[in-house]
Enquirer: 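One structure is given below, represented as structure tokens, and several questions about it will come after.
Note on naming: letters A, B, ... go to the chains in the order of the sequence lines (proteins, then strands), and numbering restarts at 1 for each one. All values reported here derive from a predicted model rather than from experimental measurement.
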Protein chains: 2
Amino acid sequence: MPELEPMQNFLTELRRGSLTLAVLGSLRQPRYGYALLQTLQEQNIDIEANTLYPLLRRLESQELLTSDWDTSESRPRKYYTLSRKGKEVFSRLLKEWESMQASISAVCGKGENHE
Amino acid sequence: MPELEPMQNFLTELRRGSLTLAVLGSLRQPRYGYALLQTLQEQNIDIEANTLYPLLRRLESQELLTSDWDTSESRPRKYYTLSRKGKEVFSRLLKEWESMQASISAVCGKGENHE
DNA sequence: CATTATACTGTGTGTCGCACTATATTGTCA
DNA sequence: TGACAATATAGTGCGACACACAGTATAATG
């Protein structure tokens, strides 16, 4: 899709990376993918299943998450949780995020008028 | 660099996209690349020349920026400024950024303890 | 004659979106 | 009841694009 809606691309790029932060933050309690998806969407975090599942597996392979199948219910669900390493990374990313907020605010004029 | 400092990669990804926002926000007044670089670094926005210059050209090719060579001084400088389109995109990205702040705060626990 | 100021290019890697596949469990309706 | 759709749940493969990095290039300045 070359030129359909270029704005969309900017938004995508902006959200990029923050998705990881949001996922890590949401997995301080165990959750399975499908539920996580809905949690995030309720928070206005625009991510779709096709993006989330690979992200979860990537984070697991990077050892930020651990996963366990819960087969006690009729429908098996794969629960993900933050590992110790994941908690550390989350904490540092959150700090960075907060620092970025300050920087962006400074550069973009905190509260100034931009039309 | 496969496994040297994986943390660095997470940070890079997190910052990604925000760079564009920061650059757009900084170019509401005309600036040339080298000066912009230093402005951003003073604001703790970690970007290097090799990243900034391609970014500027990309934004120009996407018609968010316009550029003009100033050759009146001994050292020629290429001044970039937000175009009308650039202002629109900036405004929308900034809104998205603010919305993301809220979402991330909600998901990551606004002010809760995370150690 | 080294350093700084200033700008550009090419290559690799990683993430994300998107379009798929796959399956079991519900719910609906003839 | 039995057919069929919808939902819940998870996965894969591919392509686009942006960023980091390591280069090149040149003119002014100290």
Enquirer: May I have the distance from Glu13(A) (atom CD) to dG17(C) (atom P), rounded to whole angstrom?
Expert: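 One finds 9 Å between P of dG17(C) and CD of Glu13(A), rounded.
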Enquirer: Just to confirm, is there a sub-4.0 Å distance from OP1 or OP2 of dC19(D) to any side-chain nitrogen or oxygen of Thr12(B)?
Expert: no
Enquirer: With a 4.5 Å limit on heavy-atom distance, are the side chains of Met7(A) and Leu93(B) in contact?
Expert: yes
Enquirer: Looking at dT15(C), dA5(C), dT9(C), which one has an atom nearest to any side-chain atom of Arg57(B)?
Expert: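 Selected nucleotide: dT9(C).
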Enquirer: Does Arg16(A) or Ala49(A) map to a spot on DNA chain D nearer the 5' end, using the closest nucleotide for each?
Expert: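 By nearest-heavy-atom nucleotide position, the 5'-most residue is Ala49(A).
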Enquirer: Whole Å only: how far is the CG atom of Leu59(A) from the P atom of dG11(D)?
Expert: 13 Å
Enquirer: Does Gln38(A) place a side-chain N or O at less than 4.0 Å from the phosphate oxygens OP1/OP2 of dT7(D)?
Expert: no
Enquirer: Can you measure from CD1 (Ile45(A)) to OG (Ser103(B)) and round to the nearest 0.5 angstrom?
Expert: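 One gets 4.5 Å once the value is rounded to the nearest 0.5 Å.
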Enquirer: Whole angstroms only, please: what is the CG-P distance between Leu40(A) and dG17(C)?
Expert: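 Distance check: Leu40(A) CG to dG17(C) P gives 12 Å.
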Enquirer: Would you say a side-chain N or O of Tyr32(A) is under 4.0 Å from OP1 or OP2 of dT9(D)?
Expert: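 Yes, because at least one side-chain N or O of Tyr32(A) sits under 4.0 Å from OP1 or OP2 of dT9(D).
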Enquirer: Check whether any side-chain nitrogen or oxygen of Gln8(B) sits under 4.0 Å from OP1 or OP2 of dT13(C), and answer yes or no.
Expert: no
Enquirer: Answer yes or no: is there a donor N or O on one side and an acceptor on the other, between the side chain of Arg28(A) and the main chain of Cys108(B), under 3.5 Å?
Expert: yes
Enquirer: What is the distance from CG of Leu14(B) to P of dC16(C), rounded to the nearest Å?
Expert: 11 Å
Enquirer: Within the structure, does a side-chain N or O atom of Tyr34(B) lie under 4.0 Å from either OP1 or OP2 of dA5(C)?
Expert: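 For Tyr34(B), the contact criterion (side-chain N or O under 4.0 Å from OP1 or OP2 of dA5(C)) is met.
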Enquirer: Return the set of residues passing side chain to side chain donor-acceptor pair (under 3.5 Å) with Gln43(B) (not counting sequence neighbours), or none when no residue passes.
Expert: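 Testing Gln43(B) for side chain to side chain donor-acceptor pair (under 3.5 Å), a comparison that skips the adjacent residues, returns none.
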Enquirer: Listed in order of residue number, which residues of residues 65-80 of chain B have a non-hydrogen atom at under 4.0 Å from DNA chain C?
Expert: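 Contacting residues: Trp69(B), Arg75(B), Pro76(B), Arg77(B), Lys78(B), Tyr80(B).
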Enquirer: If only side-chain N and O atoms of Asn9(A) are considered, is one of them under 4.0 Å from the OP1 or OP2 phosphate oxygen of dA18(D)?
Expert: yes
Enquirer: To the nearest angstrom, how far is Arg15(A) atom CZ from dC17(D) atom P?
Expert: 17 Å
Enquirer: Would you mind telling me which of Arg16(A), Arg15(A), Arg58(A) makes a salt bridge (Lys or Arg N to Asp or Glu O under 4.0 Å) with Glu13(B)?
Expert: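 Single salt bridge (Lys or Arg N to Asp or Glu O under 4.0 Å) partner of Glu13(B) among Arg16(A), Arg15(A), Arg58(A): Arg16(A).
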Enquirer: Is there a side-chain polar atom (N or O) of Arg58(A) under 4.0 Å from OP1 or OP2 of dC16(C)?
Expert: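 So the side-chain polar atoms of Arg58(A) do come within 4.0 Å of the phosphate oxygens OP1 or OP2 of dC16(C), strictly under.
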Enquirer: On DNA chain C, check which nucleotide each of Thr51(B) and Gly17(A) is closest to and give me the residue with the more 5' one.
Expert: Thr51(B)
Enquirer: Given Arg31(B) and Tyr80(B), is the side-chain contact (heavy atoms from CB on, under 4.5 Å) satisfied, shown in steps?
Expert: CA-CA 5 Å; Arg31(B) 272 208 188 81; Tyr80(B) 290 93; over 6 Å; no
Enquirer: Leu19(A) CG to dA18(D) C1': how many Å, rounded?
Expert: 15 Å
Enquirer: Nearest whole angstrom, please: distance from the P of dT9(D) to the CG of Leu36(A).
Expert: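 Those two atoms, CG and P, are 12 Å apart.
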Enquirer: Provide, to the nearest angstrom, the distance between the CD atom belonging to Glu48(B) and the P atom belonging to dG23(D).
Expert: 13 Å
Enquirer: What class does the angle between the rings of Tyr32(A) and Tyr79(A) fall in, given that below 30° is parallel, 30 to 60° is tilted and above 60° is perpendicular?
Expert: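 It falls in the perpendicular class, over 60°.
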Enquirer: Please step through side-chain contact (heavy atoms from CB on, under 4.5 Å) for the pair Trp97(B) and Gln101(A), ending with a clear verdict.
Expert: CA-CA 9 Å; Trp97(B) 168 263; Gln101(A) 284 189 229; 4.1 Å; yes
Enquirer: Which is true for Leu55(A) with a 4.0 Å heavy-atom rule: it touches a base, it touches only sugar-phosphate, or it touches nothing?
Expert: sugar-phosphate
Enquirer: Between the base of dC20(C) and the side chain of Asn50(A), is there a donor-acceptor distance below 3.5 Å?
Expert: yes
Enquirer: Given dC8(C), is OP1 or OP2 found less than 4.0 Å from the side-chain N or O atoms of Tyr53(B)?
Expert: no
